[in-house]
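So the structure is just underneath, and the comments pick up after that.
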Protein chains: 2
Amino acid sequence: MTTINDIARIARVSKATVSKVINNYPGVKEETRRHVLNVIKEYNYWPSSVARSLSTNKSFTIGIFEPVRINNFFFREVFEGIESVLGEEGYDILYLTNKLWENSWLKFSFKEKCINRGVDGVIMMGFGRVNLSEFDGLLNSNIPTVFVDLDLVGSNTSYVTSNNVEGAEMAIRYLAGLGHKKIAMIKGPAGFKLANDRFTGYQKTIHELNLEYNPDWVFSGEYSMETGYDAVNKIIKMRNRPTAIFAEDMIAIGAIRALRENGFSVPEDFSVMGFDNIELGLHYGLTTINQDRNGLGEAASRLLLDIINKKSFSPVILPVELIERDTCRSI
Amino acid sequence: MTTINDIARIARVSKATVSKVINNYPGVKEETRRHVLNVIKEYNYWPSSVARSLSTNKSFTIGIFEPVRINNFFFREVFEGIESVLGEEGYDILYLTNKLWENSWLKFSFKEKCINRGVDGVIMMGFGRVNLSEFDGLLNSNIPTVFVDLDLVGSNTSYVTSNNVEGAEMAIRYLAGLGHKKIAMIKGPAGFKLANDRFTGYQKTIHELNLEYNPDWVFSGEYSMETGYDAVNKIIKMRNRPTAIFAEDMIAIGAIRALRENGFSVPEDFSVMGFDNIELGLHYGLTTINQDRNGLGEAASRLLLDIINKKSFSPVILPVELIERDTCRSI
DNA sequence: TTTTAAAGGAAAACCGGTTTACAAGCTGGG
DNA sequence: CCCAGCTTGTAAACCGGTTTTCCTTTAAAA
């Protein structure tokens, strides 16, 4: 491998001079600069970012932790947003794995892993509100950190999220506008801010609009079709049935399938309203709330860069929008 | 940040001794070892992998290039396979972005980026057979490299892929077994080994079984529903129509939708056979060929580790299997 | 021509580790 | 009691960059 020493020797200058040329620093005669640049090009030299990181304490890498593997496509799209913004700024993205932790002679947590790898900042996604103490190290450190969909803040920590409360409110208002007064909700996994916020929006709006609130109409479960099936199986046995069902897309699709399999029609017998706008929803004509997953990733990266540059630490909450398709009807 | 010097000073030993303790090297009295370990734990010290990389020339990072963003879910699942294997071995994964390249004062290619970042190896995925010269640098370097779905080999380069030829053969034999003699194929994007191999298997088997080969029944396009729509629009206008359609899942689903929209029934009027087994296929009851995407990632990582350790360089070709659902019928 | 300031470049220290060479201390055999 | 040989630990060099300090040129001003 060609190093800065090779270049210095060949160009008959000191390595300090080569360094100045590489970094476009002043204090080098134009003639010398050109000469050094020629040698660099001729030998196809590229400085080692490892060595550079060591001396500057800046690595141009951002770490990502993403342990939970629910909901593949979701994080994938967030990731694309992250990558596009950070890439433009010259950062690469280090996917931090934690498989080895258990075997290690000294267990280490998020913070230690970040320090060990020398990342300039870290994005945390896919974490629920369980075991929050896991994050203590990070929050108390000065490592710039951005959480996606988890509202944690600290000296150098902030978060981004979609406006899930408002999204749920939009959904309920829309259903109410169609004449629905009995609306069920199938919540996502308990402990996740996402799911909690959506439920909050649901409750709040039910109250504001004076709709019927019935605890029996509130279900909860994993983010899967199963959960929709289970809830529908209970709903159809009820004497006092809701007329509309509000649930996250994957669950909503499970519900639609279950309803159809039981001889009900959507939206004739039940209206179904989703949340997320996953691609699959298109194939079911699912009316839903769209959240901008790419935008979430972009916002996360930009916020992280702002934290790194000490420019801004304010959480970012992204707007959502209602997408009208064919699974809700007015009654 | 706590460094090895701090630990050495506090423990009243030399940094060499601390280093030996960290790496479990011999030549340290048990008593000293324990003492140093205690100090390390007390001060929550973790060695900097940046500094370590610099001196050992080994970074425990694997790079990934994945420029094309077709087919999200596919790479996501491959990635999971990669991560699970490499994570176990203590590697982290560096997503290499190339957004900054154009602006850079010296353009650099895959090889230079790898050298610059000091990765121990690199996995290339999502590349087609276009501009193969882009890879010259990598192939001629001694950087361990594994391609996914592109059959490039070099001194330290190999590849993994599913057995796409055989998969196509299975598909055609299955359709022929159901009595189909006129089978159309909608190919994926030209230039990709994946798509080429599948077409090869199709052609070969058509010949072997003495089925009708009609160039008009061969279509080609992007990996999208659109492509399926377009092909079907042509097929239904033909006088001599095929009775079965073979295409990659997303395209096949487009075809199914197009057929239905035009008043045809699947599988009554046309049998449709997919390839890939994407999740969406389930919702259409699509009969298809499954390829093990997780396994592809695992195989890629293991092969890469083998190349790094100079143990094996042989390409890996993974078997596929036929999944029977509801879109093909016997005639 | 001499004085002085500015510009250019080299030398050396540093970042946090690893590794090699060597010295000191201890043990046991003759 | 002395010396060989093993064990333990230290000092120093090194990895490939950056940055500070300082010396040497060169050009401008007096």
Side-chain angles (χ1 to χ4, degrees), chain A residues 1-37 39-40 43-61 90 105-106 108 112 114-120, chain B residues 1-37 39-40 43-61 90 105-106 108 112 114-120:
Chain A
M1 205 178 71
T2 321
T3 73
I4 198 172
N5 292 299
D6 301 328
I7 300 298
R9 186 167 31 76
I10 295 165
R12 302 186 171 285
V13 295
S14 73
K15 52 194 280 201
T17 303
V18 178
S19 180
K20 284 179 190 164
V21 170
I22 292 171
N23 293 290
N24 252 313
Y25 288 164
V28 180
K29 218 194 312 181
E30 191 51 32
E31 190 191 332
T32 316
R33 178 182 302 279
R34 260 204 296 276
H35 174 225
V36 172
L37 275 177
V39 175
I40 286 179
Y43 286 80
N44 202 18
Y45 163 71
W46 258 88
S48 148
S49 61
V50 173
R52 189 184 292 216
S53 299
L54 182 60
S55 57
T56 59
N57 205 23
K58 164 95 183 168
S59 63
F60 279 98
T61 11
W105 54 279
L106 180 54
F108 62 150
E112 280 77 36
C114 288
I115 292 180
N116 168 256
R117 280 294 186 175
V119 298
D120 296 335
Chain B
M1 207 178 74
T2 320
T3 72
I4 198 174
N5 292 299
D6 301 328
I7 299 299
R9 187 167 29 77
I10 295 166
R12 302 186 171 285
V13 296
S14 72
K15 51 195 278 200
T17 303
V18 178
S19 180
K20 284 179 190 166
V21 170
I22 291 171
N23 293 292
N24 251 315
Y25 288 163
V28 180
K29 218 195 311 180
E30 192 50 34
E31 189 191 332
T32 316
R33 180 183 301 279
R34 259 204 296 277
H35 174 224
V36 172
L37 276 177
V39 175
I40 287 179
Y43 286 81
N44 202 17
Y45 163 72
W46 258 87
S48 148
S49 61
V50 173
R52 186 183 293 211
S53 300
L54 183 60
S55 58
T56 58
N57 205 23
K58 164 93 184 170
S59 63
F60 279 98
T61 0
W105 55 277
L106 180 55
F108 63 151
E112 279 77 35
C114 288
I115 292 180
N116 167 257
R117 280 296 186 173
V119 298
D120 296 334

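When reading the values below, keep in mind they use all heavy atoms of this one structure, side chains included, and skip hydrogens, waters and symmetry mates. Naming: A, B, ... by sequence-line order, numbering from 1 per chain.
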Gap between atoms [atom1] and [atom2], on [X] and [N] respectively (whole Å):
X	N	atom1	atom2	value
B/Ile4	D/dC14	CD1	P	19 Å
B/Asn24	C/dT19	CG	P	14 Å
A/Glu31	D/dT26	CD	P	12 Å
B/Asn5	C/dC15	CG	P	8 Å
A/Ile22	D/dG16	CD1	P	13 Å
A/Lys20	D/dT18	NZ	C1'	11 Å
B/Ile10	C/dG16	CD1	P	14 Å
B/Arg34	D/dT8	CZ	C1'	16 Å

Nearest of [options] to any side-chain atom of [X]?
X	options	result
A/Leu54	D/dG16, C/dG17, D/dG17	D/dG16
B/Lys29	C/dT18, D/dG16, D/dG9	D/dG9
A/Ala16	C/dG9, C/dG17, C/dA11	C/dA11

Quick one: closest heavy-atom pair of [X] and [Y], and the distance?
X	Y	value
A/Pro47	A/Ile22	CG-CG2, 4.2 Å
A/Tyr45	A/Thr2	CD1-O, 3.4 Å
A/Glu112	B/Asn44	OE2-ND2, 2.6 Å
B/Lys20	B/Arg33	O-NH1, 4.2 Å

Q.
When you measure from the side chain of A/Ser19 to the backbone of A/Lys15, do you find a donor-acceptor pair of N or O atoms at a distance under 3.5 Å?
A. no
Q: Could you say whether B/Thr17 or B/Val50 is positioned toward the 5' end of DNA chain C, judged by the nucleotide with the nearest heavy atom to each?
A: B/Val50
Q: Please state whether the base of D/dG16 and the side chain of A/Lys15 form at least one donor-acceptor pair under 3.5 Å?
A: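 Answer is no: no donor-acceptor pair is held.
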Would you indicate, yes or no, if [N] has its OP1 or OP2 atom less than 4.0 angstrom from a side-chain nitrogen or oxygen of [X]?
X	N	answer
B/Thr32	D/dG9	yes
B/Asn23	C/dT18	yes
B/Tyr25	D/dG9	no
A/Ser48	D/dG16	no
B/Ser55	C/dT18	no
A/Ser19	D/dT18	yes

Q. With a cut-off of 6.0 Å (strictly less than), are more than 12 heavy atoms of other residues, nucleotides or ligands near CD of A/Glu31?
A.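 At most 12 heavy atoms, drawn from other residues, nucleotides or ligands, come within 6.0 Å of this atom.
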Q. Near A/Arg12 CZ, under 6.0 Å, is it more than 12 heavy atoms from other residues, nucleotides or ligands?
A. no
Q.
By the 4.0 Å heavy-atom rule, please label B/Val18 as base, sugar-phosphate, or nothing.
A.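 No contact.
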Q) To 10°, what angle do the rotation axes through the five end pairs on each side of the helix from C/dT1-D/dA30 to C/dG30-D/dC1 form? A)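 The end-segment axes of the helix from C/dT1-D/dA30 to C/dG30-D/dC1 are tilted 60° relative to each other.
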(Q) Between A/Met1 and B/Glu30, which residue's closest nucleotide on DNA chain D lies nearer the 5′ terminus? (A) B/Glu30
Q: Only one of A/Thr56, A/Asn57, A/Thr61 passes side chain to side chain donor-acceptor pair (under 3.5 Å) with A/Ser59; say which it is.
A: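 The passing option is A/Thr61.
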